[in-house]
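Notes follow once the structure below has been shown.
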Amino acid sequence: ARISRCVAGRWEGQRGRIGRCTRAALIMPDSGGAGKILARIQSFVLPRRIRVREYFVDFDGHRSGQCSAAQFRRALDRFGMTFLPGEIEELVQHYRVPGAALSVESNYAAFCLDVDKVFADTMGVGALATFSESAYAALATRVPGTHVDRLHVLLERLAMLAKTRGVVFKSCYADFERAPTLTPARITPRQAGKVTRSQFVRLFPFADRFNTEEIGFLAQAFATENGDVHYQAIHDTIAEIGANLPPQPSPADQPFARSDLVLKHDMTEWTHSRLTPMDKLRSKVVEKRVRLFDHFQDFDALRKGTCTVGQVKTVFTIMDLTKVLSKEDFEYITHRFCRADGMFNYRDFCSEADKDFTTPGLEKNPLMSVTLPGPFTTSPGRRNRMALPETEVLAIDRLHDRICSKVKKQRVLLMPAFQDMDKTRRGHITVSQFARCMVQLNLGLSDGEVDLLRTAYCDLGNHTDFNYVEFVQRVDPPSEMLRAAEAKRASPRVADVPPKYFDAYGTVRPIERSFQGTALVA
């Protein structure tokens with residue numbers, strides 16, 4: 001009954017500090033009116049992942065953590081929450097700096113710290129959970145004597161796997177009961193070391209070595225009166241068992257530990273999959289304005305028009321084109337332009353790669369009009385969009401019309417809100433930042449609508465970077481007068497033509513007449 005002695009000893013050690021865990025309330029500075037307002041703010045910013053400090057730092061150039069009361073009120077109005085009458089003034093009074101000047105009369109740093117506590121684990125990372133008496137009493141009542149040996153075998157196997165694989169058992173379930181806010185998703189007490197049975201089965205770390213019946217047996221053995229599972233009790237038990245296990249063999253006798261990268265399979269179809277490697281390379285060459293022929297000639301002293309495959313890769317590395325081409329694309333290019341002797345024909349390759357710069361045979365047709373490369377030429381290399389079905393395109397168009405109508409009626413400026421998120425002016429922000437901007441501008445979209453727009457404007461080959469510049473051009477297009485003014489500003493300057501009938505001072509300019517064959521006689 002080794003397992004029984006283990007549980008009994010742990011129960012005696014825990015008896016002095018046993019307490020029943022309750023749900024943790026939101027973190028508030030006090031129990032007054034300011035504390036209730038802070039609780040409302042925390043419940044608003046937590047699901048939206050809003051950091052309120054971002055709305056105050058623009059008013060604090062010296063980063064002193066203080067601002068004026070008027071600036072404090074403006075910052076509270078900016079992050080999208082609706083306050084009841086008098087709540088803002090109560091917060092201003094609560095965080096007022098006593099005896100300070102009018103320009104620094106509010107301590108916004110303390111306010112931000114109080115609000116951001118909702119994102120932190122106030123119990124500490126290594127905090128110990130306390131259990132009720134039923135946590136250990138249930139083990140003795142739910143496991144009959146005939147099944148203790150089986151439980152011991154399962155726990156020893158669990159302890160061996162946790163020790164050899166380096167798995168901390170309690171860390172697998174900590175996310176289910178660590179959040180400090182009360183949410184319907186968390187139905188177990190916070191920091192109590194308990195999860196529901198379905199959560200225990202779903203995140204069991206060794207499902208490849210335990211079958212469903214054995215996992216259910218462990219859940220039944222460590223179940224509580226309410227049907228939850230004490231994963232902390234399992235962790236403590238296997239920790240004691242693991243301490244008594246025989247020492248492991250030396251690392252030289254064991255195979256090298258591996259941690260292979262397993263990428264999640266993406267079922268999305270991207271536009272780059274429809275392009276040939278030469279199309280992608282040609283668009284990148286036009287974008288960077290590079291000349292490949294000169295770099296290939298550095299490796300061809302006799303000007304034969306050929307080089308080795310290794311020299312081709314060197315040229316691509318020098319011109320920073322290896323990021324565009326994958327290993328399969330590089331093999332496709334080398335196989336296409338390699339001769340039978342294995343030499344790479346860079347002359348034919350450069351003539352095809354420079355098609356957008358030059359037009360072959362132009363001297364034979366001098367009347368042909370040639371267009372300069374533009375954004376449409378470099379678009380295949382710069383943009384990698386998702387291939388959308390017709391139904392999603394129609395749904396996106398309807399959503400565009402609705403947002404465009406709301407922007408025109410409310411006269412909303414979209415670009416400044418997005419540029420606040422884009423500090424480096426890349427033209428892209430994350431999808432979560434886009435959703436926060438929509439909430440801030442009172443254009444709140446549902447999660448399904450945000451996901452629909454993500455499929456249309458994530459054009460860098462991933463699901464996170466959102467092209468807000470194209471989105472603004474679509475839902476808030478410039479007027480005709482603004483377009484005409486922009487076209488005039490971008491057009492070449494035309495020299496001013498002097499007036500025909502008036503000079504610079506507004507005097508009538510006389511008509512010049514020539515008198516030929518006429519002599520003036522005095």
Side-chain angles (χ1 to χ4, degrees), residues 1-11 14 126 128-129 131-132 134-178 185-189 191-249 251 253-265:
R2 178 182 174 186
I3 187 63
S4 302
R5 292 194 300 270
C6 175
V7 173
R10 176 160 295 278
W11 166 243
Q14 297 279 351
L128 293 175
F131 308 104
S132 62
S134 61
Y136 295 92
L139 182 61
T141 57
R142 294 179 182 273
V143 180
T146 56
H147 292 168
V148 171
D149 293 338
R150 183 189 181 192
L151 179 62
H152 185 214
V153 172
L154 293 178
L155 289 176
E156 278 194 347
R157 193 200 312 173
L158 187 61
M160 179 65 72
L161 289 172
K163 187 173 183 179
T164 54
R165 296 187 181 182
V167 175
V168 181
F169 189 80
K170 65 179 180 180
S171 300
C172 302
Y173 303 96
D175 291 339
F176 281 113
E177 43 88 48
R178 183 173 293 173
R186 181 170 56 82
I187 59 177
T188 56
Q191 292 291 348
K194 295 186 252 181
V195 291
T196 63
R197 185 185 180 91
S198 62
Q199 291 170 348
F200 177 80
V201 174
R202 177 152 50 97
L203 286 186
F204 191 76
F206 309 113
D208 56 334
R209 295 301 183 92
F210 287 79
N211 56 35
T212 306
E213 193 272 334
E214 291 174 340
I215 298 175
F217 180 78
L218 287 174
Q220 184 69 22
F222 289 90
T224 63
E225 298 175 354
N226 298 328
D228 299 331
V229 180
H230 267 288
Y231 71 86
Q232 181 69 38
I234 300 177
H235 171 80
D236 296 338
T237 304
I238 65 176
E240 292 185 2
I241 296 176
N244 298 323
L245 289 175
Q248 298 294 322
D253 300 334
Q254 292 183 349
F256 185 78
R258 297 176 57 89
S259 180
D260 297 332
L261 175 63
V262 180
L263 298 177
K264 184 178 179 181
H265 185 61

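Any value given below was found using the heavy atoms of this structure, including those in side chains, with hydrogens, waters and symmetry copies removed.
With respect to Arg150 and Glu213, a salt bridge is recorded, a charged nitrogen being found less than 4.0 Å from a carboxylate O.
Results of the side chain to side chain contact (heavy atoms under 4.5 Å, CB included) test with Leu158 over Thr237, Ile241, Val153, Ile234 single out Ile234 as the only residue that passes.
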ask   = Would Leu151 and Leu218 satisfy side-chain contact (heavy atoms from CB on, under 4.5 Å), going step by step from the backbone distance to the final call?
value = CA-CA 7 Å; Leu151 179 62; Leu218 287 174; 3.7 Å; yes

query = Could you go step by step and tell me if His235 and Val168 meet the side-chain contact (heavy atoms from CB on, under 4.5 Å) rule?
reply = CA-CA 8 Å; His235 171 80; Val168 181; 3.9 Å; yes

Chi angles and distances behind the side-chain contact (heavy atoms from CB on, under 4.5 Å) call for Arg209, Glu214 = CA-CA 10 Å; Arg209 295 301 183 92; Glu214 291 174 340; over 6 Å; no

query = Which is it for Arg157 and Phe210 under the side-chain contact (heavy atoms from CB on, under 4.5 Å) test, yes or no, and what are the steps along the way?
reply = CA-CA 9 Å; Arg157 193 200 312 173; Phe210 287 79; 3.8 Å; yes

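Summarising the geometry of Arg197 relative to Ala219, their closest heavy-atom pair is NH1-CB, 3.7 Å, with the distance given to 0.1 Å. Residue Cys172 comes nearest to Leu203 through the heavy atom pair O-CD1, 3.4 Å, listed as atom of the first residue, atom of the second, then distance.
Ring planes of Phe204 and Phe206: perpendicular class, angle over 60° (limits at 30 and 60°).
Taking CD of Gln232 as the reference point, atom OH of Tyr173 lies at 12.5 Å (rounded to 0.5 Å). Interatomic distance, Lys163 NZ to Leu161 CG, rounded to the nearest 0.5 Å: 12.5 Å.
Side-chain atoms of Phe222 and Leu155, non-hydrogen and from C-beta on, do get closer than 4.5 Å to each other. No side-chain heavy atom of Lys194 sits under 4.5 Å from any side-chain heavy atom of Tyr231.
Checked by atom type and distance alone, the side chain of Gln199 pairs as donor or acceptor with a backbone atom of Thr196 at under 3.5 Å.
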